[in-house]
Amino acid sequence: MQRALDINRTRFADWYQAVVRDADMAETSPVRGAMVIKPWGYGVWEQIQQELDRRIKATGHENCYFPMFIPLSFIAKEAQHVEGFAKEMAIVTHHRLKTIDGKLQPDPDARLEEPLVVRPTSETIIGDAFSRWVRSYRDLPLLINQWANVVRWEMRPRLFLRTTEFLWQEGHTAHATAEEAVAETMKMLEVYRSFSEDYLAMPVIAGEKPENERFPGAEATYSIEAMMQDGKALQAGTSHFLGTHFAEAQGIKFQDDAGTITFCNTTSWGVSTRLIGGVIMTHGDDDGLRLPPAIAPKQIVIVPMLRDKPEDADVLAYCESLAAALSSIHVLGAPVRVLLDTKKIKSAEKRWNWVRRGAPIIVEIGPRDAAGGNVTFMRRDSLRDGDKVKSIACTRAEFLEEKAAQILAEIQHSLYAEAKVRLDANIKTGVTDWAGVEDYFKGSDDEFKGWLKVSWSKPSGAELEKVDTKLKALKLTIRNAPLQQPDSFAPCLFTGAPGVQEILIGRAY
RNA sequence: CGGGGCGUAGCUCAGCCUGGUAGAGCACUAGCUUUGGGAGCUAGGGGUCGAGAGUUCGAAUCCCUCCGCCCCGACCA
């Protein structure tokens, strides 16, 4: 059978790269590990950005922008933070180039007195500002967000999932009490959960990361974890309660109403362009990408079936009027995003390009549709009937008044439902000993493996280290401890001690 | 940084073992035909064979060094 991609999901890693390429999302660049995000991929990011920005502002935060260069001494202030990021930082050491022996190179006379680190995250430089901005309890809470690029010198980059430079949003807040900061941490975790599920149609499990997976310098780290179609987990967003660690390191203090000087409790939280990788691996199929209408840069693409004949003009005119009419319809709270694709390439080629890119509805208009006032279209969420592409026909009026809006909403829902079934069906419970874990994850790496939900005694320190090592041997990690916990627990799977918490175990990106 | 694979046309790759001076399919350009749906025929454009040095009368092919990419580890949003 002919598919729009030449690789299917049985070779998942290759398939992923094929989708990124063939759906025109991104490509590698001359800079190792850094990607070029192409218009269609960036369009998805813009949709994500727009809606998430709205939600971040709706919860009381304001946007700022801080420098991308951070003095080395700032990073050095928080010990765990240094340790966590030291191995992956890009550093600026010079401010001028010079031709020496015919070679353009950093001018030895232009060495910076204090090297600048290209931000891997901005806790330290924003904390420095906070230490000046906060004086009184009246200045709190301080609720700041920034949209930025960050750089982490990763060993093995993968487009969207782990690139040297990536785009993200990082929220940073300061509060008078730990309770307030914890509440903020949880609130933003919930913003991420609902955004991911409602908007990206990507079901996730929100929960707390174990101690060994915490953000360097955090008191507690929470994440949303999504299950990809190969069963692996993708950490799709994080929210950290930082306690007073950064406040103490950077002097973020305030005077309370009794006149006492106290350190603030701070939080930070972020999601990145990795979300796009998550969308691809959640919704993609063997014909390419399938985009949830909420984030599709174009929700309805009209492909005129032109044949270099006189009636082409009628077809085009009909398409133009259809596009105009569609633009005035609202779906999912915004006007429908329509594209009339007039690029001068073969119509059939166009159709398949849009299939690969994952446009939710692809409309094909030929002379007969134009003459009869009809619309023929395909739904990207259910493209095929068996092996054959499924074409749906209706009248123009029907499409405009009913079908277009209704089907876009349906696609948004059906993509979520499909992914939700997969997530729920592949979290195995009832495993109570290590042999059961080994049994569940045995076999080749290519085989689909979901997650296990097991009970444990939440060991820490050296005990936790042992658990971690044991899991690592099977390439497993603890993803998180879901927020929803049962009333009673089986004994700890690792130690046999009384269980206190349920955790998710799986392979991860 | 360790282990494996690989760099030849825009893409996917053949040729390399056994050295003789560049190929296929798709894509691209033009013409003709065809067309309710991923068309056919004909003609054409495009490559310092990843880079550098070496062996040789002659190197995509053999040797050396370097660079880059992919997969598997360690690291990670």
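Residue numbers start from 1 in every chain, and the chains themselves are labelled A, B, ... in the order their sequence lines are given, proteins ahead of strands. Excluded from the calculations below are hydrogen atoms, water molecules and symmetry mates; all remaining heavy atoms, backbone and side chain alike, are included. Remember, predicted model here, so these are calculated numbers, not experimental data.
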Counting side-chain heavy atoms from CB outward, which of [options] is closest to [X]?
| X | options | answer |
| --- | --- | --- |
| A/Lys475 | B/A77, B/G73, B/G38 | B/G73 |
| A/Lys472 | B/C75, B/G37, B/G38 | B/C75 |
| A/Met305 | B/G37, B/G38, B/A77 | B/G37 |
| A/Phe166 | B/A77, B/G37, B/C76 | B/A77 |
| A/Arg162 | B/G37, B/C76, B/G38 | B/C76 |

Rounded interatomic separation in angstrom, taking [atom1] from [X] and [atom2] from [N]:
| X | N | atom1 | atom2 | answer |
| --- | --- | --- | --- | --- |
| A/Lys388 | B/G38 | NZ | P | 12 Å |
| A/Trp147 | B/A77 | CH2 | C1' | 14 Å |
| A/Lys343 | B/A27 | NZ | C1' | 12 Å |
| A/Met89 | B/A77 | CE | P | 14 Å |
| A/Asp22 | B/C11 | CG | P | 13 Å |
| A/Lys390 | B/G38 | NZ | P | 19 Å |
| A/Asn212 | B/C76 | CG | P | 10 Å |
| A/Glu311 | B/U35 | CD | C1' | 11 Å |

Just call it for [X]: base, sugar-phosphate, or nothing, with non-hydrogen atoms closer than 4.0 Å on any strand.
| X | answer |
| --- | --- |
| A/Ser272 | base |
| A/Leu161 | base |
| A/Trp168 | nothing |
| A/Ser391 | nothing |
| A/Glu349 | nothing |
| A/Gly270 | nothing |
| A/Thr163 | base |

Determine the Euclidean distance between corresponding [atom1] atoms of [M] and [N]; express it in Å to zero decimal places.
| N | M | atom1 | result |
| --- | --- | --- | --- |
| B/C11 | B/G47 | P | 14 Å |
| B/A59 | B/U55 | P | 11 Å |
| B/C63 | B/G19 | C1' | 13 Å |
| B/A14 | B/A53 | P | 28 Å |
| B/A22 | B/G68 | C1' | 24 Å |
| B/C71 | B/C64 | P | 27 Å |
| B/A60 | B/U48 | C1' | 12 Å |
| B/G50 | B/G7 | C1' | 6 Å |

Please verify the inter-ring angle class for [X] with [Y]; under 30° counts as parallel, over 60° as perpendicular, anything in between as tilted.
| X | Y | result |
| --- | --- | --- |
| A/Trp168 | A/Phe166 | perpendicular |
| A/His61 | A/Trp269 | perpendicular |
| A/Phe494 | A/Trp434 | tilted |

5' priority, RNA chain B, between A/Ala508 and A/Asp308 [closest heavy atom]: A/Asp308
Contact nearer the 5' end of RNA chain B, comparing A/Leu5 with A/Ala236: A/Leu5
Watson-Crick or G-U wobble mate for [N], both contacts under 3.5 Å:
| N | answer |
| --- | --- |
| B/A53 | none |
| B/A43 | B/U29 |
| B/C16 | none |
| B/U34 | none |
| B/A9 | none |
| B/C75 | none |

Side-chain donor/acceptor of A/Ser239 to backbone N/O of A/Thr185, under 3.5 Å: yes
Residue-phosphate contact under 4.0 Å: A/Lys346 side-chain N/O, B/G40 OP1/OP2: no
Heavy-atom side-chain proximity of A/Leu275 to A/Val44 below 4.5 angstrom: no
Any protein N or O atoms within reach of nucleotides 68-71 of chain B? Criterion: under 3.5 Å, listing atom names and distances.
residue : atom : partner : partner atom : Å
B/C70   : O3'  : A/Gln17 : NE2          : 3.3
B/C71   : OP1  : A/Gln17 : NE2          : 3.3

Single hit among A/Gln169, A/Glu62, A/Glu170 for side-chain hydrogen bond (donor to acceptor under 3.5 Å, both in side chains) with A/Gln146: A/Glu170
Qualifying residue, where the test is side-chain hydrogen bond (donor to acceptor under 3.5 Å, both in side chains) with A/Arg3 and the options are A/Asn8, A/Asp387, A/Asp286, A/Asp287: A/Asp287
Identified side chain to side chain contact (heavy atoms under 4.5 Å, CB included) counterpart of A/Phe246 within the set A/Ile126, A/Asn265, A/Thr266: A/Thr266
Residue pairs, two or more places apart or on separate chains, that pass side chain to side chain donor-acceptor pair (under 3.5 Å) and touch residues 459-470 of chain A: A/Asn212-A/Asp468
Charged tip of A/Lys449 within 45° of A/Phe441 ring normal and under 6.0 Å: no
N/O donor-acceptor pair, side chain A/Arg152 with base B/C76, under 3.5 angstrom: no
Salt bridge (charged side-chain N to carboxylate O under 4.0 Å, His left out): pairs with one or both residues in residues 157-166 of chain A, sequence neighbours excluded: none
